[in-house]
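Sequence lines set the chain letters: A, B, ... in the order given, protein chains first and strands last, and positions in each chain run from 1.
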Protein chains: 2
Amino acid sequence: MTKPNAPARAKPSPRVPKPEAGYHHGELQEALIAASEAILAEHGAEGFTLREAARRAGVSPAAPSHHFGNAQGLLTEVAIRGYNALAGALRDAASRKQGAREKLHAQGLAYVEFALRHPGRFQMMFANKRLVADDSRLRQASRAAGREFEAIIAELVGGTPKEAKTAAAAAWSTVHGFAKLALEEKFGSLSSEAGYREIMTTLNHVLNYLWPAGDARR
Amino acid sequence: MTKPNAPARAKPSPRVPKPEAGYHHGELQEALIAASEAILAEHGAEGFTLREAARRAGVSPAAPSHHFGNAQGLLTEVAIRGYNALAGALRDAASRKQGAREKLHAQGLAYVEFALRHPGRFQMMFANKRLVADDSRLRQASRAAGREFEAIIAELVGGTPKEAKTAAAAAWSTVHGFAKLALEEKFGSLSSEAGYREIMTTLNHVLNYLWPAGDARR
DNA sequence: TGCCTAACTTGACACTGTTCAGATTGCGGG
DNA sequence: CCCGCAATCTGAACAGTGTCAAGTTAGGCA
């Protein structure tokens, strides 16, 4: 029950080894990442444990070090994928709308929704001390996600690049702060789906307040 | 060298016991809280350890449990004091200015300054999983700090209580998100005083952008 | 076929938070 | 004055953590 990869039907492709061999797991990197994401989903960022990830992947506690160096290395990989998923969600949300303001609102909703639906992963993405903070791929993934914002912002505010940068910082701060405060239950309980929806409508009001329709700063 | 309280000169006041007696420390609660705050200041929220706090207070690792139950209890006390300090900083900042908009800007700067000057304490205040999240005194302290915002916001936006609540959520989200992102170095390095000042001017731009002088929503 | 090397295990170490029985202390009541 | 008792703190233990060095296995290439 704990192993995520039930051998429903052994893949017939010849080069994929059986996932449960003794030594030589074969796909340990992927298995460890998947296990880590499962732990984050189940127990949040504070509940992650390298040994538990190894346990779920069916290997000894020392095995991950050969692939990721240490726990920070593994979590960095998880965070990179998280940023990629976030960037995808932001891009998706914007692509479904027309007009810069509508795109930005949709991105804000998508950002908070991502945070509330995957709290552990989200918190870990922004837990610099638990990651290899200066990893170039991590920084790149983070900046790529940020650029999804900046692209829409530039479309919305026009103006000089400096103005656009300010507006992007403002937008990111708003949705990030809202997500963080919501996750700490500062806007009410999150345990029920009703509470979740209430918080999302509060977010809608906030976005309408800070980025109104006929914005003179446009 | 690790003990913060060097017995420079034994206080002559009769009722204060010597701080280094064997059993019966006398002021253990305060000593543990002070030690915890020192650890947070030196090593951040991730660096806190109950045993280290006990060590600095000159006491066995089991001693704190008699006063705070467990590590969460001690950290909850630290967080309460943090919220009180934050509320004081917000009140101070507002009291130095005239006009609702100026007060709000000053509060925003004070909020971020608090976060950047005391990162460990700030992060711990919002680390629900490491605190007794439903402690009534903690909730009260948190709401008291929030009210410092709401008071100014109500003055600024007027309108219905619902509008004021929306605006307060917007303001808190903005400064909280900015502080969190700044602490994760998403706006540049924080290691130098120059970087710190640059980030604070960015915050100024953000505040001017989101709450401009001649705000039509006022 | 045989061997080299990457992949993984084993066992250990220094930590962590928490529990529990017992030692110590000082305060209040006689 | 002093003595019992409750509050306070210790010491040792336990289960669990991340990481390292050294040993073992097996996949694939010569």
- request: Go through residues 127-136 of chain B and report each residue with a non-hydrogen atom lying under 4.0 Å from DNA chain C, sorted by number.
  value: none
statement: Rounded to whole Å, the CZ-C1' distance (Phe48(A) to dG18(D)) equals 10 Å
query: Looking at DNA chain C, which of residues 73-80 of chain B put a heavy atom within less than 4.0 Å of it?
result: none
Please output the side-chain donor-acceptor pairs of residues 115-122 of chain B that fall under 3.5 Å, not counting sequence neighbours, one pair per line with the distance.
from	atom 1	to	atom 2	distance (Å)
Arg117(B)	NE	Tyr196(B)	OH	3.4
Arg117(B)	NH2	Glu193(B)	OE2	3.3

- prompt: Under the side chain to side chain donor-acceptor pair (under 3.5 Å) test, which residues partner Ser142(A), sequence neighbours left out?
  reply: Lys186(B)
Residue Leu28(B), side-chain heavy atoms: nucleotide from dG17(C), dC8(C), dC9(D) that is nearest: dC9(D)
- request: Return the set of residues passing salt bridge (charged side-chain N to carboxylate O under 4.0 Å, His left out) with Arg91(A) (not counting sequence neighbours), or none when no residue passes.
  value: Glu148(A)
field: Pairwise salt bridge (charged side-chain N to carboxylate O under 4.0 Å, His left out) hits with a residue in residues 175-184 of chain B, at least two apart
entry: none
statement: Residues at least two apart in sequence or cross-chain that pass side chain to side chain donor-acceptor pair (under 3.5 Å) with Ser189(B), listed by chain then number, are Ser191(B)
task: Answer yes or no: is there a side-chain heavy-atom contact under 4.5 Å between Asn70(B) and Ser65(B)?
output: no
task: Could you check whether Ser60(A) gets within reach of a base, just the sugar-phosphate, or nothing at all, counting any heavy atom under 4.0 Å?
output: base
- request: May I have the distance from Arg55(A) (atom CZ) to dA15(D) (atom C1'), rounded to whole angstrom?
  value: 11 Å
query: Do you know the tightest heavy-atom contact between Gly44(B) and Lys129(A)?
result: CA-NZ, 3.8 Å
task: Please list, chain by chain and in numerical order, all residues satisfying ring-ring contact (aromatic ring centres under 6.0 Å, His included) with Phe48(A), sequence neighbours excluded.
output: none
Each nucleotide N or O in nucleotides 19-22 of chain D that has a protein N or O under 3.5 Å away: list the pair and distance.
from	atom 1	to	atom 2	distance (Å)
dT19(D)	OP2	Ala71(A)	N	3.0

field: Contact list for residues 104-115 of chain A, test side chain to side chain donor-acceptor pair (under 3.5 Å), sequence neighbours left out
entry: Arg101(A)-His105(A), Tyr111(A)-Trp172(A), Tyr111(A)-His176(A)
Spacing between Phe68(B) atom CZ and dT8(D) atom C1', to the nearest angstrom: 14 Å
- line: residues 68-79 of chain A vs salt bridge (charged side-chain N to carboxylate O under 4.0 Å, His left out), sequence neighbours excluded, gives Glu77(A)-Arg137(A)
His67(A) side chain near dA6(C) phosphate (N/O to OP1/OP2, under 4.0 Å): no
message: Applying ring pair (Phe, Tyr, Trp, His ring centres under 6.0 Å) as the test, list every pair that has at least one member in residues 55-86 of chain B; sequence neighbours left out.
response: Tyr83(B)-Phe126(B)
- prompt: Rounding to a whole Å, what distance do you find between Leu32(B):CG and dT8(D):C1'?
  reply: 13 Å
